[in-house]
Amino acid sequence: MTLKQLKAFLALARTLNYANASLELHLSQSALSLTIKSLEEELGGKLFNRNTRRVELTQEGKSLIPYAKKLLAN
């Protein structure tokens, strides 16, 4: 798990929008998507439910937020 992945996760969790999160992070949407996908693979579970209209946090994603914030604060 990298700082880049954590920052991407928190930006997407906050905005629930790939376009807005990618603008905030200065990444392309595809780069953001790959970053989130690689984090999910490392953790062994889905952090977001997504379709063409919505992005929602899964229970696992909600559980990761406080830990991600703590790690980035340190």
Side-chain angles (χ1 to χ4, degrees):
M1 186 178 330
T2 66
L3 291 178
K4 178 184 174 182
Q5 289 172 323
L6 290 176
K7 287 178 183 178
F9 166 73
L10 288 174
L12 186 56
R14 186 174 49 259
T15 63
L16 296 176
N17 183 289
Y18 274 87
N20 292 340
S22 62
L23 284 173
E24 182 180 313
L25 297 166
H26 306 288
L27 292 173
S28 68
Q29 288 184 35
S30 60
L32 175 60
S33 181
L34 288 172
T35 301
I36 295 297
K37 184 178 178 181
S38 69
L39 178 60
E40 289 177 328
E41 287 173 359
E42 281 183 40
L43 296 176
K46 290 187 82 73
L47 300 172
F48 297 94
N49 288 319
R50 36 201 175 292
N51 61 38
T52 56
R53 295 182 148 182
R54 295 180 61 157
V55 176
E56 296 176 327
L57 279 162
T58 62
Q59 192 57 45
E60 293 85 357
K62 290 176 185 175
S63 298
L64 181 60
I65 290 173
Y67 298 107
K69 286 181 176 178
K70 193 176 228 179
L71 286 169
L72 284 178
N74 292 332

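Just the heavy atoms: all of them, side chains too, but no hydrogens, waters or symmetry mates, feed the values below. Residue numbers start at 1 and run along the sequence shown. Just so you know, these numbers come straight off a predicted model, no measurement behind them.
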[atom1]/[X] to [atom2]/[Y] distance, rounded to the nearest 0.5 angstrom?
X   : Y   : atom1 : atom2 : answer
L6  : Y67 : CG    : OH    : 13.5 Å
Q29 : L23 : CD    : CG    : 7.5 Å
E42 : K37 : CD    : NZ    : 13.5 Å
E41 : L34 : CD    : CG    : 9.5 Å
T35 : K7  : OG1   : NZ    : 12.5 Å

Check whether any side-chain heavy atom of [X] lies under 4.5 Å from a side-chain heavy atom of [Y], and answer yes or no.
X   : Y   : answer
F9  : L57 : yes
L12 : R50 : no
L3  : L72 : yes

**Asked** A8 and L32: which non-hydrogen atoms are nearest, and at how many Å?
**Response** CB-CD1, 3.5 Å
**Message:** Looking at every non-hydrogen atom in both residues, tell me the closest pair between F48 and I36 and how far apart they are.
**Reply:** CD1-CG2, 3.9 Å
**Check: L47 main-chain N/O paired with E40 side-chain donor or acceptor under 3.5 Å** = yes
**Item:** Side-chain donor/acceptor of S63 to backbone N/O of Q59, under 3.5 Å
**Value:** yes
**Request:** For L39 and M1, run side-chain contact (heavy atoms from CB on, under 4.5 Å): C-alpha distance rounded to whole Å, both residues' side-chain angles, the deciding distance at 0.1 Å, then the answer.
**Result:** CA-CA 7 Å; L39 178 60; M1 186 178 330; 3.8 Å; yes
